[in-house]
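Worksheet: the structure to be examined is printed underneath.
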Amino acid sequence: MNRVQNTKLVLWLMTGFAAAIALNRYVFGLGVTTNLNDKTPWGFWIGFDVMAGVALAAGGFVTTAIFYIMKREEFHPLVRPAVLTAFLGYLAVVAGLLVDLGLPWNIWHMIIYWNPHSPLFEVGWCVMLYTTVLLLEFSPVPLEESSRYARVRNFLMRFRFPLVLLGIMLSTLHQSSLGTLFLIMPYRLFPLWYSHILPIQFFISAVALGLMMVAFESLISHWLYRREPETPLVGKLCGAAVWVLAVYFIVKMTDIVAAGKFGLIFNGNWQSDLFIVEILVSTLIPMALFAVPKLRRNSKVQWVGSSMVVIGMVLNRIDVGGLAMLDSTASYTPSWMEIAISLGIVSAAALAFLFVTERFHIWEIRPEDPQSLPHTPPSFDYSSRTWLGVPRIASLTKHTLAFVLSFAVGMAFMPGRKLHAEGIDSVTVSRATGIDTLCIDGNRDDQFVEFPHQAHISWIRTHKIPTSPADDTSGFALAGKDSCSVCHHLNLPGERLSECWECHASMYAQADFFRHDWHASPAGAKLKCDDCHTAGVTRTAQSAKKCTACHPFYKFTTIGVGATPAYHILSYTDAMHKMCVSCHVVEAKVVKDKQDLALCTTCHRVGTPPNLRAGMKWDISVPHFDNVVLPDVGLSVK
Amino acid sequence: MGALLDFARGPLFRLTFAIMVLGLARLLFLDIIGMYRAYRRTTDKKMPWKLIFSRSFEWFFPVKRVIRERHVYSLLSIVFHIGLIIVPLFFFAHVNLWKEAVGISWPALPYSWAFWLTICTIASALFLLISRLTVKAMRALSLGRDYLWLLLLLVPFVTGFICANVDVGPGSYQVLMLVHVLSAELIFVLIPFSKIAHCVLAPLSQVVCALAWKFPPETDDDICTTLNKKGAPV
């Protein structure tokens with residue numbers, strides 16, 4: 001089995017799948033691809049891509065500090081892979097951020113429009129500068145391939161030490177400021193994770209994670225290329241990690257005990273269980289394993305311990321970033337598309353890592369892809385039985401095909417229903433309540449309109465409404481026998497009167513009321529194309545018959561009709577406003593004692609509708625709104 | 001039936017269309033990479049650009065062929081290619097589908113143009129099929145897949161033409177539309193893995209041809225060694 005080739009194949013598949021979803025994210029927006037909402041605008045992407053990504057890349061500054069500042073020469077083989085990991089890690093963070101930002105093209109604003117009070121401003125600047133520093137730190141490696149760039153390389157090498165110092169300084173700044181971001185939400189983050197010293201905890205854990213990430217990456221790349229693992233060196237990293245993890249554990253526990261939150265750990269709810277798992281996986285078990293010198297020099301234990309720290313610390317960042325929010329404030333689980341994009345970004349970074357290690361002088365001995373060794377037999381394509389070329393070309397052929405196919409599968413998996421939502425979430429309308437006095441509250445948010453139905457009927461029956469000649473088709477002139485059709489302008493099959501919510505089914509978005517496919521379906525109206533469209537002319541809405549040709553009893557009032565493209569009707573809100581207000585405005589001028597007829601408060605009410613309130617035991621006096629979360633304390637019980 | 005049609009128009013279309021577009025881009029990419037590698041290996045770096053351009057031009061605007069040799073065949077082949085490209089891209093209903101799904105649109109063909117162009121395409125395809133079957137030289141050169149391709153390309157055109165112009169009942173309309181969509185999707189999937197890939201590779205074919213005649217140095221010796229005739233003149 002060829003480990004490198006198969007791993008690359010899987011990585012290409014995941015990258016292709018994620019690329020398809022990223023395309024849809026950019027074409028159709030965040031709403032199609034994520035479960036994020038106004039209450040939880042930060043989710044998996046921030047927790048995993050950005051916060052965990054930055055922490056995973058901490059190996060860069062930790063290793064350079066050990067090698068250049070502490071002068072531990074034996075760690076030299078780890079420096080280049082660590083800096084490369086850090087560089088690719090930061091590029092992945094930037095890629096993840098560009099997916100997560102609502103308006104990614106505005107990312108440069110931070111450079112010009114300064115907001116020095118925001119921790120995010122500091123994080124943004126640090127990430128930007130540190131990525132540049134990492135680029136300069138790493139670029140001598142590819143530049144040494146050719147003597148043509150010797151002068152550039154020498155110039156960069158002269159500034160190596162200042163660059164390393166700058167890199168460490170910037171990392172120290174923003175690894176902690178990522179924790180600072182969450183100091184703003186003491187009432188949202190679960191108390192076990194919230195702490196005033198969150199920045200310090202973030203920094204210490206980043207150091208531990210950085211050490212373990214370098215160890216993990218050394219282990220995995222040596223396993224991939226079937227090389228002798230650097231066990232003694234990794235053992236030394238594990239020994240150092242014990243101390244850092246111990247400091248992290250003591251700081252964290254002291255803080256929790258001092259704040260009086262210790263009891264919460266054994267509370268029994270899922271957050272406390274999550275916390276116990278996180279602490280065990282990220283800190284306690286690896287610490288216990290690596291504390292024994294004999295165990296930490298064992299390669300298998302190194303595998304277990306380092307991967308536990310990596311998984312545990314990433315879990316910690318995801319917890320803080322959104323998972324461990326209080327239940328009352330957030331309802332968010334990441335969608336599969338968010339996870340797929342994150343995995344795709346990681347896969348792309350891993351592919352870049354493998355590419356660079358094979359291409360440039362990252363390790364003392366450059367790794368050979370086993371397939372390109374002279375004794376391997378040539379590989380043939382299964383279907384066409386042709387030689388696929390030298391191994392590099394053959395793998396390129398296979399991997400690009402894998403990318404294309406998984407991209408296509410990703411496209412197929414996109415939720416088609418959401419693709420057509422056109423940006424506005426469809427809020428389903430509920431029918432009005434009440435018998436005579438209707439309470440119109442489409443989205444049930446306790447802001448309703450009082451509508452005296454009987455009064456309107458008697459008013460229409462007795463009034464001839466002044467209409468301009470253009471309004472003559474409105475049906476108002478028919479007041480009397482057909483007066484119902486003034487408002488109920490569309491009768492349903494079976495000559496049933498229509499209610500507003502039946503067609504205007506969406507609160508804020510326009511809806512299709514014609515249902516073309518239903519009319520043309522054998523299960524629906526069974527119409528042939530030419531039954532409505534004229535033969536020999538391009539079939540459009542304009543060239544088709546009018547609805548009234550088949551439905552003679554439809555009364556299209558001019559109110560609202562014609563304001564939207566063909567087959568689309570107004571949203572519930574717009575339809576109601578157009579229907580009521582346009583008449584009220586006229587009446588307010590005509591009728592002497594009804595000047596306030598066109599004011600909002602004439603119809604709009606807030607609270608529980610009176611017809612419902614009569615039967616209710618509790619009266620909730622504080623209105624709640626869709627987009628604003630009010631604290632629980634405001635509810636008064638009568 | 002309606003659900004099947006929705007599936008064919010939705011997820012299946014996205015799947016197959018993505019395979020076609022990216023698959024063709026991949027072929028182009030691999031072609032260019034291969035050309036670059038071949039060019040780097042050669043010692044003779046001079047490329048006959050003038051010849052390449054003139055030959056490519058001749059293939060893209062085969063006026064000479066029409067005038068000099070096989071007039072009818074060449075002319076109908078050109079008509080077939082034009083219809084094959086223009087009708088699916090600029091047919092009104094197709095443009096409308098893109099507009100509704102993604103929000104981008106482009107000018108569509110007038111109804112009568114689409115009507116006649118489709119008829120011309122179908123007729124020329126039939127002619128090409130018949131000539132493949134009857135002319136002796138062409139039959140000798142044809143493989144089974146060449147006939148199959150012509151038939152497969154005909155299916156969406158015929159069904160689409162019926163759907164657009166003939167007043168069939170809604171039941172048969174749905175069946176025809178399903179066949180139309182599914183056959184087009186089959187074509188989409190097959191394009192990057194078959195000879196139809198020439199739709200993007202054609203502009204490069206003359207360059208590839210020119211590069212193929214540039215053998216790496218000492219190739220002749222290698223060939224002789226492989227044939228066990230070392231030292232023989234080539």
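Just so we're on the same page: letters track the sequence lines, and every chain starts at 1.
Contact of B:Phe193 with chain A is made through the side chain alone, with heavy-atom distances under 4.5 Å. Heavy atoms of B:Ile19 lying under 4.5 Å from chain A belong to its backbone as well as its side chain. Contacts between A:Ala520 and chain B at a heavy-atom distance below 4.5 Å involve the backbone alone (N, CA, C, O). Looking at A:Val27, the atoms closer than 4.5 Å to chain B (heavy atoms on both sides) all sit in the side chain, from C-beta outward. Heavy-atom distances place the side chain of B:Ile33, and not its backbone, under 4.5 Å from chain A.
By the 6.0 Å contact criterion, CH2 on B:Trp106 is enclosed, its count of non-hydrogen atoms from other residues, nucleotides or ligands being greater than 12. A 6.0 Å sphere centred on NZ of B:Lys99 holds no more than 12 heavy atoms belonging to other residues, nucleotides or ligands. Annotation: B:Tyr147, atom OH; neighbour count of heavy atoms from other residues, nucleotides and ligands within 6.0 Å is above 12. More than 12 heavy atoms of other residues, nucleotides or ligands shown are found within 6.0 angstrom of CH2 on A:Trp336.
Annotation: maximal heavy-atom pairing with chain A below 4.5 Å, among B:Val168, B:Asp167, B:Leu22, occurs at B:Asp167.
For A:Arg539 (side chain) and B:Phe92 (main-chain N/O), no donor-acceptor pair under 3.5 Å exists by modelled atom type.
In this structure, the side chains of B:Pro170 and A:Pro522 come closer than 4.5 Å at one or more pairs of heavy atoms. Side-chain contact between A:Leu401 and B:Arg26 is present, with at least one heavy-atom pair separated by less than 4.5 Å. Looking at heavy atoms from C-beta onward, A:Leu396 lies in side-chain contact with B:Phe29 at the 4.5 angstrom threshold. Looking only at side-chain heavy atoms (C-beta outward), B:Tyr173 and A:Cys529 come within less than 4.5 Å of each other.
Closest of all the heavy-atom pairs between B:Arg14 and A:Met411 is NE-O, 2.8 Å.
Separation of atoms OG1 (A:Thr538) and CZ (B:Phe115) is listed at 12.0 Å; rounding is to 0.5 Å.
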